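Let me begin by presenting the structure, written as structure tokens, before commenting on it.
Not measured: the values here are computed from a predicted model.
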Amino acid sequence: MSLKSPLEVSQHLNLPQPYEAVAGQWTPERAKAWYDRLPWLAGTNYYPATAINQLEMWQRDMWDPARIKLEMQWSQELGFNTHRVYLHDLVWEADADGLYARMDEFLDICAAHGVRPFFVFFDDCHSPFPKLGEQPLPVPAYHNSGWVTSPARADALAFAAGQASEAVVNRLKGYVQQTLQRFAHDDRVLMWELYNEPGRGAGTVEDANAGNLEAHDFADASAPLVHESWVWAREVNPSQPICSNSEGCVGDINWSISVINSDVHSIHHYGNRDKVSELLDQFEQFDRPLFMTEYLARKTNSTFEEVMPLLKERRVAAINWGFVAGKSGTIWPWNSRERDGAYRTATSLRAKGDVVEKVEDLPEPDLWFHDILRYDGTPYREEETACIRSLTKG
């Protein structure tokens with residue numbers, strides 16, 4: 001079965017559809033013709049090991065092109081040809097021209113190493129309190145202790161309630177539209193992803209109380225911004241395809257908005273080969289190119305040896321989480337945030353002095369969760385890098 005129209009998709013899956021599709025979606029034929037001209041795509045969710053989050057990657061005083069050049073050389077040696085890269089609205093608001101200059105430099109570095117990256121605008125994952133300036137030190141043995149949402153959760157909640165200030169709306173709209181306009185015809189950019197895992201929640205009660213936010217299941221509260229980001233993007237109509245994450249989000253409405261609007265599908269799965277195959281079967285009915293934009297969790301048997309050959313066999317873009325182990329700490333599993341039998345925020349642990357100042361001094365577990373290379377470029381497992389090269393270069 002091939003489902004082509006948004007109405008067919010929604011009716012077939014019995015999805016809630018309070019939002020109609022935004023005009024401008026590429027036809028399946030156009031999307032497949034674009035994708036068929038590309039080589040098989042493989043890469044990572046990329047940020048340099050010296051950055052704990054999107055802010056530290058892109059702010060002027062923290063920008064680290066020398067490190068990025070080094071890591072892109074390692075990327076080229078593994079045969080990667082794309083990476084998924086997160087932006088942040090606060091960096092744009094503070095210094096749009098500077099951000100674009102750094103994006104230009106980043107794109108030139110990538111091009112020099114055979115990589116066409118794509119960019120993500122919004123993200124509902126992890127700390128809901130992003131703040132410009134110096135970023136916190138990493139908490140050792142703690143998964144993603146510094147990653148931040150974009151926008152700040154308070155702004156997302158206000159937007160959901162129709163109470164966002166004119167300044168907030170203008171910032172979010174300008175961030176999307178002006179960035180798309182700036183790179184709308186830039187061949188160095190593969191495509192655009194509007195929203196990563198919408199609805200992932202406000203975090204714990206402790207997270208919420210720290211910022212005087214109500215602790216609740218965020219889920220489809222992010223739907224108004226997900227939908228509006230599509231309106232803004234289609235008004236620009238860049239030459240590259242656009243998507244937003246469906247499988248991996250929380251909330252049926254978020255899922256529906258992404259499925260009925262995406263030119264190509266961005267999906268996540270951290271299971272073994274059989275589970276991933278089942279998901280690919282489900283999405284084949286939409287008759288559009290598939291991008292597995294998150295996988296690799298060794299603890300759950302989501303490994304390169306298990307999953308990457310399947311993705312190549314079915315010509316699905318393979319974008320695993322993490323490249324070089326560093327400040328993000330994603331070599332540690334999700335449950336590493338639990339201490340003494342209870343979830344602990346990174347903020348509470350930092351208050352106790354539980355931090356590491358030098359990236360080189362961060363500990364590593366016996367079994368890595370995400371990531372491929374150590375800070376010095378040596379592989380976690382030679383067998384894995386050999387597997388990657390056999391698929392990307394074979």
Side-chain angles (χ1 to χ4, degrees), residues 1-4 9 13 26-46 74-84 113-118 190-191 193 196 241 243 245-248 258-259 262-323 368-373 379-394:
M1 178 185 296
S2 176
L3 302 173
K4 296 187 177 182
V9 171
L13 298 176
W26 287 17
T27 64
E29 292 77 16
R30 181 183 177 187
K32 288 187 291 184
W34 169 83
Y35 192 66
D36 287 346
R37 292 192 294 269
L38 301 172
W40 178 61
L41 297 169
T44 74
N45 283 263
Y46 179 76
W74 298 339
S75 165
Q76 187 172 27
E77 291 168 0
L78 287 175
F80 288 141
N81 54 15
T82 190
H83 289 294
R84 183 179 187 235
H113 292 91
V115 168
R116 290 180 71 194
F118 59 102
L190 180 68
M191 65 178 192
E193 186 163 359
N196 175 64
C243 64
N245 173 234
S246 52
E247 193 68 28
S258 295
V259 166
S262 289
D263 299 324
V264 303
H265 289 301
S266 166
I267 57 178
H268 299 171
H269 203 293
Y270 286 104
N272 63 21
R273 179 187 174 99
D274 289 343
K275 294 295 185 182
V276 171
S277 183
E278 290 175 8
L279 178 64
L280 300 184
D281 289 343
Q282 175 189 355
F283 268 81
E284 278 189 348
Q285 66 187 310
F286 302 134
D287 201 26
R288 291 179 178 275
L290 299 180
F291 283 67
M292 182 63 71
T293 49
E294 288 187 27
Y295 76 102
L296 181 62
R298 296 174 182 90
K299 192 174 181 180
T300 63
N301 291 320
S302 175
T303 64
F304 289 115
E305 293 93 337
E306 273 262 324
V307 176
M308 200 175 187
L310 171 67
L311 298 178
K312 183 174 184 179
E313 175 187 324
R314 298 183 64 161
R315 210 168 185 276
V316 174
I319 318 293
N320 68 275
W321 190 274
F323 184 32
W368 281 24
F369 198 64
H370 300 320
D371 302 320
I372 304 169
L373 304 179
Y380 162 61
R381 288 181 62 239
E382 292 280 0
E383 297 88 346
E384 285 186 341
T385 54
C387 173
I388 293 169
R389 286 192 297 269
S390 73
L391 293 166
T392 59
K393 297 176 180 288

For Y46 and H83, take the angle between the two ring planes, folded into 0 to 90°, and tell me which bin it lands in: parallel under 30, tilted 30 to 60, perpendicular over 60. tilted
Minimum side-chain heavy-atom gap N81-L38 below 4.5 Å: no
I'd like to know if the side chain of S390 and the backbone of C387 have a donor-acceptor N/O pair within less than 3.5 Å. yes
Heavy-atom pair with the smallest gap, counting every atom of H265 and V259: CE1-O, 3.5 Å
Are E306 and T300 side-chain neighbours, meaning at least one heavy-atom pair lies under 4.5 Å? no
Is any side-chain heavy atom of H269 closer than 4.5 Å to a side-chain heavy atom of E278? no
Student check: side-chain heavy atoms of V316 and V276 closer than 4.5 Å: no
If you measure from CE on M191 to CZ on R84, what distance do you get to the nearest 0.5 Å? 8.0 Å
Drop me the distance from T392's OG1 to W40's CH2, to the nearest 0.5 angstrom. 7.0 Å
Do the side chains of Y35 and V264 get nearer than 4.5 Å, heavy atoms only? no
Taking all heavy atoms of G114 and all of Q76, pick out the closest pair and write down the distance. N-NE2, 4.5 Å
I want to check something: taking the side chain as every heavy atom from C-beta on, are T82 and I319 in contact at a cut-off of under 4.5 Å? yes
Determine yes or no for a side-chain-to-main-chain donor-acceptor pair under 3.5 angstrom, with Q285 supplying the side chain and Q282 the backbone. yes
Rounded to the nearest 0.5 Å, how far apart are CH2 of W321 and CG of L296? 11.5 Å
To the closest 0.5 Å, what do you measure between OH (Y270) and CE (M292)? 10.0 Å
Check: N301 side chain, G271 main-chain N or O, donor-acceptor pair, under 3.5 Å: no
Would a distance-only check, ignoring hydrogens and angles, find a side-chain to backbone donor-acceptor pair under 3.5 Å from N196 to N245? no
D371/R298 under salt bridge (charged side-chain N to carboxylate O under 4.0 Å, His left out): CA gap, chis, key distance, verdict: CA-CA 10 Å; D371 302 320; R298 296 174 182 90; over 6 Å; no
Heavy-atom side-chain contact between P309 and L391 under 4.5 Å: yes
H113 versus S75, side-chain donor and acceptor atoms under 3.5 Å: no
Check whether D263 reaches the backbone of A31 with its side chain - one donor and one acceptor, N or O, closer than 3.5 Å. no
Taking the side chain as every heavy atom from C-beta outward, state whether M308 and Y295 have any pair of such atoms under 4.5 Å apart. yes
